[in-house]
Protein chains: 2
Amino acid sequence: MQTSATSTRDRIVVAAARLVQRQGYVGTGIKQIAKEADATLGSVYHFFPGGKEAVAVAAIQYGDEEFAAILREALDSEDDPGAAIEACARLLAGALRASGWTDGCPVTAAALETLGDAGSQIQRACAAALRGWQDTVADKLLRSGLAAADAHELAGTVISTLEGAEVTAQVTRSEAPLLTAGRHLSRLVATYR
Amino acid sequence: MQTSATSTRDRIVVAAARLVQRQGYVGTGIKQIAKEADATLGSVYHFFPGGKEAVAVAAIQYGDEEFAAILREALDSEDDPGAAIEACARLLAGALRASGWTDGCPVTAAALETLGDAGSQIQRACAAALRGWQDTVADKLLRSGLAAADAHELAGTVISTLEGAEVTAQVTRSEAPLLTAGRHLSRLVATYR
DNA sequence: TGCTGGATAGAGCGATCGTTCTAGAGCTGG
DNA sequence: CCAGCTCTAGAACGATCGCTCTATCCAGCA
């Protein structure tokens, strides 16, 4: 069943999530996933008869939940919603630097590569992730007393901005875009009370 | 030399720019570029002895300038900087919908896929594009009377937000993320005067 | 007319892609 | 003790990848 602590299936999902996050969907090979997960090709296809796409969907869902947990924790660390979002940006910036600017958003790269097939499972998983993160932020804003419509729209822009700032930070290899985006988002939120 | 109006080299660059924009760098093949450009493999390697990476760099630089022109035009269409940025977002949203949600930012996909090689020419071209766009926005803000430091930082967040909102709009197949991001950016800019 | 060099054309190279397939290892219930 | 299962292991297939190579075409010039 499982070798040491984690099952083979879990190792495959985690490895795939990291690789897809760093090099995208097309850029990541099934054999590379197997090697990184200390599994064999047979194991991968045993657990994921759907092939590469099925592995990627599981990987994206894993990255989704992982990021959602970080997001919730950062949002709860501060009472003021603006400060909480800024803390979020700081956290992302630190993690990004620590990874050597490679571990960005777990879904962006895969999402952009698979825009061709509109109804693809990967597309659906990415869209679901974004929607979930937006709801998490909207919930925080609602609890802070914002109007429902404002909270939802603002949450969307918060996610979009963090997303874009993360990409910019990766490309320029600097924490600055994320940090200033965090400050600006905090300032924007402050105008709603 | 040239068949009808454009030279073979130009057709290759334009085709490569579109393909890279839509499916990323790894997802686009040299042979596909040649076919799309109505050129042959021999012509591609004749004009770009550097191979796939050289073609991609030229394509990204082309997309960079193309987007910069659109950006400048949109920014000049309105006097108020906030309204100008909002007009920008509206323009991007319309173009995105018209393309069937496929023609997003010309550099994001390629940038994310090639983060591995830090010093790659592709990376450099993408970073230069982002920097140039930021300068364009900063220039507009400066002309509107903002302080230099504020203008530059704000311009960075504007580009990041537009970038992120464009991705979100593509994934969710909706203009809404771009439109509300434009409104929020306008509101943010308004707090600086 | 023959030469030259830029441009076009595509066959073919080794490598790698995703996938399929068969064979065996390790455990469990009867 | 073995039948029957999940899981592991990797060889092999056809397709496609980026790239190299040779052959041909054709305008401009002597």
Side-chain angles (χ1 to χ4, degrees), chain A residues 1-20 22-60 109-110 113-114 116-117 120-123 125, chain B residues 1-20 22-60 109-110 113-114 116-117 120-123 125:
Chain A
M1 227 70 113
Q2 56 268 31
T3 44
S4 56
T6 61
S7 72
T8 302
R9 203 199 118 102
D10 285 351
R11 288 204 317 278
I12 291 171
V13 171
V14 172
R18 290 281 169 271
L19 290 172
V20 168
R22 292 180 187 175
Q23 10 175 327
Y25 174 65
V26 265
T28 302
I30 284 263
K31 292 174 185 174
Q32 188 186 11
I33 293 174
K35 175 180 280 186
E36 205 77 16
D38 267 323
T40 64
L41 212 48
S43 300
V44 176
Y45 277 95
H46 170 75
F47 289 109
F48 299 95
K52 187 184 182 181
E53 182 169 4
V55 177
V57 168
I60 287 169
E113 288 173 328
T114 55
D117 349 314
S120 122
Q121 302 281 357
I122 296 180
Q123 276 298 299
Chain B
M1 239 64 102
Q2 55 269 29
T3 44
S4 55
T6 62
S7 71
T8 302
R9 204 198 116 103
D10 287 349
R11 290 203 315 277
I12 292 171
V13 172
V14 172
R18 289 280 170 271
L19 290 172
V20 168
R22 294 181 186 176
Q23 11 177 327
Y25 174 66
V26 264
T28 302
I30 284 262
K31 292 175 185 174
Q32 187 186 11
I33 292 174
K35 174 179 281 186
E36 205 77 15
D38 268 323
T40 64
L41 209 50
S43 299
V44 176
Y45 278 95
H46 170 75
F47 288 110
F48 299 94
K52 186 183 181 182
E53 183 169 4
V55 177
V57 169
I60 287 168
E113 288 172 328
T114 56
D117 353 316
S120 125
Q121 301 282 358
I122 296 181
Q123 276 297 300

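Chain A is the first sequence line, chain B the second, and so forth, proteins listed ahead of strands; every chain is numbered from 1.
Residue A:Thr8 places at least one side-chain N or O under 4.0 Å from the OP1 or OP2 atom of D:dT8. Close to C:dT8, at under 4.0 Å from its OP1 or OP2, lies a side-chain N or O of B:Ser43. For C:dT8, neither phosphate oxygen OP1 nor OP2 lies less than 4.0 angstrom from any side-chain nitrogen or oxygen of B:His46.
The interatomic distance linking B:Arg11 (CZ) with C:dA7 (C1') rounds to 12 Å, in whole Å. Between B:Tyr45 atom OH and D:dC21 atom P the separation is 12 Å, expressed in whole Å. Atom CD1 of A:Ile30 and atom P of C:dG18 are 6 Å apart (whole Å). If you take NZ of B:Lys35 and P of C:dG10, they are 12 Å apart, rounded to a whole angstrom. Rounded to whole Å, atom P of D:dA15 lies 19 Å from atom CD of B:Gln32. As rounded to whole Å, 14 Å separates atom C1' of D:dA9 from atom CG of A:Asp38. With rounding to whole Å, A:Lys31 atom NZ is found 7 Å from C:dC17 atom C1'. Residue B:Ile12 contributes atom CD1, which lies 11 Å from atom C1' of C:dA7 at whole-angstrom precision.
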Q | Working for side chain to side chain contact (heavy atoms under 4.5 Å, CB included), residues B:Arg18 and B:Glu36 | A | CA-CA 10 Å; B:Arg18 289 280 170 271; B:Glu36 205 77 15; over 6 Å; no
Q: Could you go through the side chain to side chain contact (heavy atoms under 4.5 Å, CB included) check for B:Glu113 and A:Val26 one step at a time?
A: CA-CA 9 Å; B:Glu113 288 172 328; A:Val26 265; 3.9 Å; yes
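Atom CD1 of B:Ile122 sits about 4.5 Å away from atom CD of B:Glu53, to the nearest 0.5 Å. Atoms OH and CD1, from A:Tyr45 and A:Ile12 in turn, are 11.5 Å apart once rounded to the nearest 0.5 Å. In this structure, OG on A:Ser43 lies 11.0 Å from CG on A:Asp38, to the nearest 0.5 angstrom.
Out of D:dA9, D:dG18, C:dT19, the shortest distance to the side chain of A:Thr40 is found at D:dA9. Of the candidate nucleotides D:dT20, C:dG10, C:dT19, C:dT19 has the atom nearest to the side chain of A:Lys52.
Counting non-hydrogen atoms under 4.0 angstrom, B:Gly29 reaches the backbone sugars and phosphates but no base. Nucleic acid contact for A:Phe47: sugar-phosphate only, since backbone atoms but no base atoms lie under 4.0 Å from a heavy atom of the residue. Contacts of A:Leu41 with the nucleic acid, taken as non-hydrogen atoms under 4.0 Å apart, include base atoms.
Residue-to-nucleotide proximity on DNA chain C shows that, of A:Val26 and A:Gly42, the 5′-proximal contact is made by A:Val26.
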